[in-house]
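Throughout, a chain's letter reflects where its sequence line sits, starting with A, and its residues are numbered from 1.
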There are 2 protein chains.
Amino acid sequence: MRTTDERKISEFFKALSHPTRIAIVTNLLKNKKCVNDIRDLVKVKQPNISQHLSLLKLNGIVDWHQEGKMRCYYLKNPQLIKDILEILKKDEN
Amino acid sequence: MRTTDERKISEFFKALSHPTRIAIVTNLLKNKKCVNDIRDLVKVKQPNISQHLSLLKLNGIVDWHQEGKMRCYYLKNPQLIKDILEILKKDEN
DNA sequence: GTTATATATTCAGATATTCTAATAAATTAA
DNA sequence: TTAATTTATTAGAATATCTGAATATATAAC
């Protein structure tokens with residue numbers, strides 16, 4: 001039996017606990033991208049990319065908007081992601 | 001096939017992707033604690049606490065030293081944990 | 001409408017994680 | 001050495017996650 005806070009925080013970490021999702025998120029740091037662009041950059045098959053994207057969306061990390069026939073995904077809070085990754089890089093793990 | 005960086009970062013997140021481990025880590029933020037103290041604070045059975053602690057140790061998040069018959073666990077880089085949790089709290093999720 | 005393109009969903013098998021219960025190991029005190 | 005205390009390990013069942021393959025859906029262009 002744990003607090004809501006502990007669960008929310010651990011859910012956030014779990015959402016980022018897969019190398020492919022880290023790759024997606026770091027690619028989105030620069031700018032929004034559509035699914036097939038992400039697929040090409042991350043080099044993972046499209047259905048799998050979509051699966052990871054939907055998990056990231058479910059956890060409030062990304063969102064998307066339609067542009068023509070493409071879905072553009074973007075980080076909902078890029079500064080948050082940037083700050084956390086920055087701290088981790090500094091830690092020199 | 002992912003980069004070493006992506007794997008390391010996702011491993012770090014995975015280590016923190018469980019509510020019990022978040023509870024452990026936030027309790028250790030204040031000061032080091034022995035296993036049974038953690039058990040009492042986090043309210044999880046001792047073997048399970050030990051399992052989570054060993055995972056946190058494996059991932060370089062905690063370490064321990066012996067004090068009499070007790071093992072005192074502490075955060076290896078408390079500032080890192082503090083900073084990341086601080087950022088998440090600010091984000092008001 | 002049809003076609004092509006872009007993306008999402010579903011299913012199933014493989015793998016990983018989690019918890020509990022039981023037990024083992026290590027340390028200290030007597 | 002024995003007993004008590006503290007912590008770790010193991011095994012097994014339940015659950016969750018991950019991936020690939022196949023398929024479905026949505027949008028735009030024609």
- Item | Close approaches to DNA chain C from residues 31-41 of chain B, in residue order (heavy atom, under 4.0 Å) |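 Hits under 4.0 Å, by residue number: none.
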- Query: Counting only non-hydrogen atoms, which of residues 16-24 of chain A are less than 4.0 Å from DNA chain C?
  - Reply: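 Heavy-atom contacts with DNA chain C come from no residue of residues 16-24 of chain A; none.
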- Item | Those residues that, when tested against Asn77(B), pass side-chain contact (heavy atoms from CB on, under 4.5 Å) (two or more places apart) |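 Asn77(B): side-chain contact (heavy atoms from CB on, under 4.5 Å) contacts with Asp91(A), Gln79(B), Leu80(B).
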Beyond-backbone contact of [X] with [Y], side-chain heavy atoms, under 4.5 angstrom:
{"X": "Thr3(A)", "Y": "Lys8(A)", "value": "no"}
{"X": "Ile84(B)", "Y": "Leu88(A)", "value": "yes"}
{"X": "Val62(A)", "Y": "Ile24(A)", "value": "no"}
{"X": "Leu16(B)", "Y": "Phe12(A)", "value": "no"}

- Could you walk me through whether Leu53(A) and Trp64(A) pass the side chain to side chain contact (heavy atoms under 4.5 Å, CB included) test, one step at a time? CA-CA 10 Å; Leu53(A) 282 172; Trp64(A) 56 267; over 6 Å; no
- Query: Distance from Asp5(B) atom CG to Arg7(B) atom CZ, nearest 0.5 Å?
  - Reply: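 Spacing of CG (Asp5(B)) from CZ (Arg7(B)) equals 10.5 Å.
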- Query: What distance separates Glu11(B) CD from Glu6(B) CD, expressed to the nearest 0.5 Å?
  - Reply: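 So the gap between those two atoms works out to 12.5 Å.
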- Query: What do the steps show when you test Asn48(B) against His52(B) for side chain to side chain contact (heavy atoms under 4.5 Å, CB included), and what is the final call?
  - Reply: CA-CA 6 Å; Asn48(B) 199 3; His52(B) 285 300; 3.3 Å; yes
- Query: Transitively linked via ILVMFWY side-chain contacts under 4.5 Å: Ile22(A) with Leu55(A)?
  - Reply: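 Ile22(A) does not cluster with Leu55(A).
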- Item | Single-linkage hydrophobic cluster Ile38(A)~Leu29(A), side-chain heavy atoms < 4.5 angstrom |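 Ile38(A) clusters together with Leu29(A).
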- Message: Please give me the minimum heavy-atom distance between Leu28(B) and Tyr73(B), naming the atom from each residue.
- Response: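 Here Leu28(B) and Tyr73(B) meet closest at CD2-O, 3.4 Å.
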- Query: What pair of heavy atoms forms the shortest contact from Leu56(A) to Ala15(A), and how long is it?
  - Reply: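 Where Leu56(A) meets Ala15(A) most closely, the heavy atoms are CD2-O, 3.7 Å.
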[N] [atom2] sits how many Å from [X] [atom1], rounded?
{"X": "His52(B)", "N": "dT7(D)", "atom1": "NE2", "atom2": "C1'", "answer": "15 Å"}
{"X": "Lys14(A)", "N": "dA16(C)", "atom1": "NZ", "atom2": "C1'", "answer": "12 Å"}
{"X": "Arg2(B)", "N": "dT19(D)", "atom1": "CZ", "atom2": "C1'", "answer": "14 Å"}
{"X": "Tyr73(A)", "N": "dT7(C)", "atom1": "OH", "atom2": "C1'", "answer": "8 Å"}
{"X": "Ile49(A)", "N": "dG20(D)", "atom1": "CD1", "atom2": "C1'", "answer": "14 Å"}
{"X": "Leu53(B)", "N": "dT9(D)", "atom1": "CG", "atom2": "P", "answer": "11 Å"}

- Taking five pairs at each end, how big is the angle between the two axes of the helix from dG1(C)-dC30(D) to dA30(C)-dT1(D), to 10°?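 One end axis against the other gives 20°.
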Kindly give the atom pairs (protein nitrogen or oxygen, nucleotide nitrogen or oxygen) under 3.5 Å for nucleotides 20-23 of chain C.
{"from": "dT20(C)", "atom 1": "O4", "to": "Gln51(B)", "atom 2": "NE2", "distance (Å)": "3.1"}
{"from": "dA21(C)", "atom 1": "OP2", "to": "Lys45(B)", "atom 2": "NZ", "distance (Å)": "3.1"}

Set of side-chain hydrogen bond (donor to acceptor under 3.5 Å, both in side chains) partners for [X], sequence neighbours left out:
{"X": "Asn36(B)", "answer": "Arg39(B)"}
{"X": "Lys14(A)", "answer": "none"}
{"X": "Thr26(B)", "answer": "none"}

- Message: Contact list please: residues 54-64 of chain B against DNA chain D, heavy atoms, distance less than 4.0 Å, in numerical order.
- Response: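 Correct list: empty, so none.
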- Not counting sequence neighbours, which residues clear salt bridge (charged side-chain N to carboxylate O under 4.0 Å, His left out) with Lys33(B)? List them please.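 Partners of Lys33(B) under the salt bridge (charged side-chain N to carboxylate O under 4.0 Å, His left out) test: none.
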- salt bridge (charged side-chain N to carboxylate O under 4.0 Å, His left out) with Asp63(B): which residues, sequence neighbours excluded?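 Only Lys57(B) meet the salt bridge (charged side-chain N to carboxylate O under 4.0 Å, His left out) criterion with Asp63(B).
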- Check whether any side-chain nitrogen or oxygen of Arg71(A) sits under 4.0 Å from OP1 or OP2 of dA8(C), and answer yes or no.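 True: Arg71(A) side-chain N/O within range (under 4.0 Å) of dA8(C) OP1/OP2.
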Where do N or O atoms of nucleotides 27-30 of chain C meet protein N or O atoms at under 3.5 Å, pair by pair?
{"from": "dT28(C)", "atom 1": "OP1", "to": "Gly68(B)", "atom 2": "O", "distance (Å)": "3.4"}

